[in-house]
Number of protein chains: 2
Amino acid sequence: MIFGECKLFRDVVYAKSLSRAAQLNGISQSAATQQIQDLEKRLGTELFDRSTRPLGLTPAGKLYADLCRDVLRRAEDFTAALEEIRDTSESTIRIASIYSIGLSEMGRLREEFGQVLPAAAIHVELLRPDRVYDAVLTDQADLGFISYPEHRRELTVIPWREERMTVAAYPTHPFASRGMVQPADLDGQAFIAFDEEVIIRRELDRFFRDSGVEISISMQLDNIQSIKEAVALGSGISILPERTMQAEVEQKRLVSIPLNAPELRRPVAIIHRKKKKLTRAVREFLNFVTG
Amino acid sequence: MIFGECKLFRDVVYAKSLSRAAQLNGISQSAATQQIQDLEKRLGTELFDRSTRPLGLTPAGKLYADLCRDVLRRAEDFTAALEEIRDTSESTIRIASIYSIGLSEMGRLREEFGQVLPAAAIHVELLRPDRVYDAVLTDQADLGFISYPEHRRELTVIPWREERMTVAAYPTHPFASRGMVQPADLDGQAFIAFDEEVIIRRELDRFFRDSGVEISISMQLDNIQSIKEAVALGSGISILPERTMQAEVEQKRLVSIPLNAPELRRPVAIIHRKKKKLTRAVREFLNFVTG
DNA sequence: CAACAATATCAGAAATACTTATGCTATTCT
DNA sequence: AGAATAGCATAAGTATTTCTGATATTGTTG
């Protein structure tokens with residue numbers, strides 16, 4: 001019981017009787033008497049006027065009764081608010097994701113998981129990679145979806161999938177009719193690349209170097225969405241995770257041509273705080289996604 | 001300590017540390033830990049995020065911290081208000097008095113008692129007799145000053161003095177030059193009497209009957225003040241407690257002539273609730289007045 | 001990974017709160 | 001007024017809670 005002492009006092013005032021208040025609180029009359037006496041001793045003032053029956057309040061007792069009323073009312077608000085956040089935080093799954101994964105996967109996941117656990121509310125926030133780590137570390141998100149996962153001490157990293165990388169080209173590009181592109185074919189092609197600081201760029205640079213291919217970079221952008229746009233507008237070709245192109249391929253704004261480079265894969269992982277106790281909903285979701 | 005649990009929690013939040021909060025509250029770190037854990041168990045929610053240091057609040061913990069802040073603030077107001085009423089109620093003496101005594105005695109008593117206990121504030125309320133009893137019984141007054149005291153179960157009656165009754169006359173009345181009036185002298189005089197329901201009236205009626213005196217009532221009033229006024233204006237004579245005429249006699253608006261009737265005295269008493277614990281100031285005052 | 005600082009846990013001791021039985025007191029009824 | 005009644009106070013013993021000190025565990029830092 002929270003603020004039980006206040007409740008007892010309020011009940012005594014209301015019932016004008018220690019014995020009835022004791023009943024209301026499931027204790028003996030003697031216990032109620034002792035509690036009130038102890039309270040009076042602590043405050044150094046009589047709270048009830050014992051010389052009359054039914055029990056009346058002294059001026060100090062009136063003040064304390066007001067205090068109890070206010071405290072109990074405030075406590076009720078608290079309890080209600082607590083119930084509320086319990087309900088919502090128990091059933092909402094807060095996900096932070098990098099743009100590419102969020103855009104290509106989250107719609108599907110949300111829909112499919114809705115069948116499994118309809119009570120859950122999935123909240124997705126799309127962020128730049130480092131903000132995804134932050135969100136998870138500061139408990140603003142339960143789970144984070146990232147590519148090329150960095151391992152950190154406070155994080156649990158769950159490898160999720162390795163996405164195949166394919167060549168992205170505009171429909172009229174010569175590659176568009178090919179069934180498969182060889183690394184060597186890329187030599188000299190106008191290429192739309194990621195900014196240098198993006199990990200995927202470094203992976204591709206290494207791939208080109210290893211394959212002895214020299215590409216000509218026609219544009220540098222920092223996100224997949226913009227690269228797809230540039231490719232569709234014919235500014236060059238690129239190499240992107242196949243699944244992130246799905247929508248544009250269906251709309252025939254892009255074509256995705258397999259690249260003969262099995263080692264070129266983008267690892268996608270789910271992260272969460274190592275120490276955090278996951279709610280049932282989050283565990284179910286993780287289980288559903290990875291299982 | 002009042003709301004000690006809230007205080008501890010607030011301190012933990014403030015110090016972001018159980019051990020420092022424990023120090024602040026003069027208990028061991030272990031005790032603090034256990035208290036918070038017990039609180040969490042009662043609420044059914046974690047309040048602190050233990051997976052990080054310094055300790056951080058969970059959303060529920062934030063709610064509870066707000067509750068504690070509000071409760072403690074409210075409790076401070078209460079404590080201040082309590083201190084205030086304690087100070088005043090400890091040092092103020094609430095007196096209910098009938099008009100005649102209040103007017104003739106209270107000024108003097110207040111002044112003299114001011115020398116004895118300067119800290120005390122004397123509050124006098126002048127009321128009709130039955131309201132004086134009410135005021136004392138309902139604890140609106142600590143002491144009551146009344147004449148012809150009625151004894152009641154819940155009251156302690158302290159006889160204070162027996163006031164001599166003298167003849168009140170206007171300065172030009174034949175009695176004015178007398179040194180003493182005999183009961184028989186009153187026969188046939190125009191007399192200003194109390195209303196029938198006033199006790200003093202019944203006492204005087206008995207006196208007249210016992211003395212075989214027949215007076216002629218020229219006016220009936222229900223209070224001494226009005227009677228003095230009427231006598232001063234020459235509407236007749238009256239018999240009044242000597243002390244209540246003091247001011248008018250000094251102003252030479254009335255004369256007070258001794259009456260040879262030693263049995264005719266008005267008893268004045270102080271009453272208070274039998275069960276009520278009198279404050280020190282009130283006890284001092286009683287002691288001063290009666291001692 | 002070692003070292004440090006803080007929290008968690010455990011067991012026993014101290015303090016507090018509760019219960020039953022009984023004494024007291026205010027009120028009511030006659 | 002006095003006996004009966006209902007309700008509060010008190011006492012003593014028991015149960016429960018809370019605290020402490022020692023120790024284990026955990027999070028952080030270099």
Side-chain angles (χ1 to χ4, degrees), chain A residues 1-9 11-42 46-58 61 137-139 151-156 272-277, chain B residues 1-9 11-42 46-58 61 137-139 150-156 273-277:
Chain A
M1 171 57 71
I2 195 173
F3 297 127
E5 192 170 68
C6 278
K7 172 158 163 29
L8 175 65
F9 189 87
D11 291 348
V12 173
V13 173
Y14 170 75
K16 299 182 199 302
S17 153
L18 284 160
S19 31
R20 256 168 298 162
Q23 279 190 310
L24 290 174
N25 289 67
I27 58 175
S28 66
Q29 167 265 316
S30 173
T33 296
Q34 291 174 63
Q35 269 203 38
I36 299 294
Q37 283 178 339
D38 177 68
L39 180 60
E40 290 177 324
K41 207 161 57 189
R42 286 199 318 265
E46 303 241 303
L47 264 17
F48 287 104
D49 180 354
R50 262 82 164 186
S51 68
T52 181
R53 255 175 238 163
L55 244 43
L57 283 172
T58 62
L137 287 171
T138 61
D139 198 35
H151 289 256
R152 302 194 194 179
R153 201 161 13 82
E154 298 152 64
L155 290 181
T156 298
H272 64 78
R273 281 177 72 200
K274 196 168 278 174
K275 292 300 152 55
K276 177 134 203 275
K277 195 173 67 195
Chain B
M1 172 57 73
I2 196 174
F3 297 127
E5 192 170 69
C6 278
K7 171 156 165 29
L8 175 65
F9 189 86
D11 291 348
V12 173
V13 173
Y14 169 74
K16 299 182 198 301
S17 153
L18 283 161
S19 30
R20 256 166 298 164
Q23 280 189 311
L24 289 174
N25 289 66
I27 57 175
S28 66
Q29 167 265 318
S30 171
T33 297
Q34 290 174 65
Q35 269 202 39
I36 299 294
Q37 283 177 339
D38 178 68
L39 180 61
E40 288 176 325
K41 206 161 57 189
R42 287 202 314 270
E46 303 239 304
L47 263 18
F48 286 104
D49 180 354
R50 263 81 164 184
S51 68
T52 181
R53 253 176 237 162
L55 244 44
L57 284 171
T58 63
L137 287 170
T138 61
D139 197 36
E150 291 174 35
H151 289 255
R152 301 195 194 179
R153 200 160 16 81
E154 298 152 63
L155 289 180
T156 297
R273 283 176 72 200
K274 194 169 280 175
K275 292 302 150 56
K276 178 134 203 275
K277 193 174 68 194

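So you know, we letter chains A, B, ... as the sequences are listed, proteins then strands, and number each from 1.
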- Along DNA chain C (nearest heavy atom to each residue), the more 5'-positioned of A:Ser28 and A:Arg50: A:Ser28

- Message: Would you say B:Gln35 places a side-chain N or O within less than 4.0 Å of OP1 or OP2 belonging to D:dC19?
- Response: yes

- Message: At less than 4.0 Å, is any side-chain N or O atom of B:Ser17 found next to OP1 or OP2 of C:dT7? Yes or no.
- Response: yes

Quiz question: going by heavy-atom distance under 3.5 Å, is there a donor-acceptor pair between the base of [N] and the side chain of [X]?
{"X": "B:Gln37", "N": "C:dA8", "value": "no"}
{"X": "A:Ser19", "N": "D:dG7", "value": "no"}
{"X": "B:Gln34", "N": "D:dT20", "value": "yes"}

Between [atom2] of [N] and [atom1] of [X], the distance in whole Å:
{"X": "B:Phe48", "N": "D:dG27", "atom1": "CZ", "atom2": "P", "result": "17 Å"}
{"X": "A:Leu55", "N": "D:dA6", "atom1": "CG", "atom2": "P", "result": "18 Å"}
{"X": "A:Asp49", "N": "C:dT27", "atom1": "CG", "atom2": "P", "result": "10 Å"}
{"X": "B:Leu155", "N": "C:dA26", "atom1": "CG", "atom2": "P", "result": "13 Å"}
{"X": "B:Asn25", "N": "D:dT20", "atom1": "CG", "atom2": "P", "result": "11 Å"}
{"X": "B:Leu18", "N": "D:dT26", "atom1": "CG", "atom2": "C1'", "result": "13 Å"}
{"X": "B:Leu39", "N": "D:dT17", "atom1": "CG", "atom2": "P", "result": "15 Å"}
{"X": "B:Leu47", "N": "C:dA8", "atom1": "CG", "atom2": "P", "result": "12 Å"}

- Under 4.5 Å between any side-chain heavy atoms of A:Phe3 and B:Cys6, yes or no? yes

- Polar side-chain atom of A:Gln29 near backbone of A:Ala21 as donor-acceptor pair, under 3.5 Å: no

- Return yes if some donor-acceptor pair links the side-chain N/O of B:Glu40 with the main-chain N/O of B:Leu47 below 3.5 Å, else return no. yes

- Item | B:Thr33 vs B:Gln37, side chain to side chain donor-acceptor pair (under 3.5 Å): CA-CA, chis, key distance, verdict | CA-CA 6 Å; B:Thr33 297; B:Gln37 283 177 339; over 6 Å; no

Taking the minimum atom-to-atom distance to the side chain of [X], which one of [options] wins?
{"X": "A:Thr52", "options": "D:dA9, C:dT27, C:dC18", "result": "C:dT27"}
{"X": "A:Ser30", "options": "D:dT20, D:dA9, D:dA11", "result": "D:dA11"}
{"X": "B:Asp38", "options": "D:dT10, D:dT18, C:dC18", "result": "D:dT18"}

- With ring centroids as reference points, do B:Tyr14 and B:Phe9 lie under 6.0 angstrom apart? no

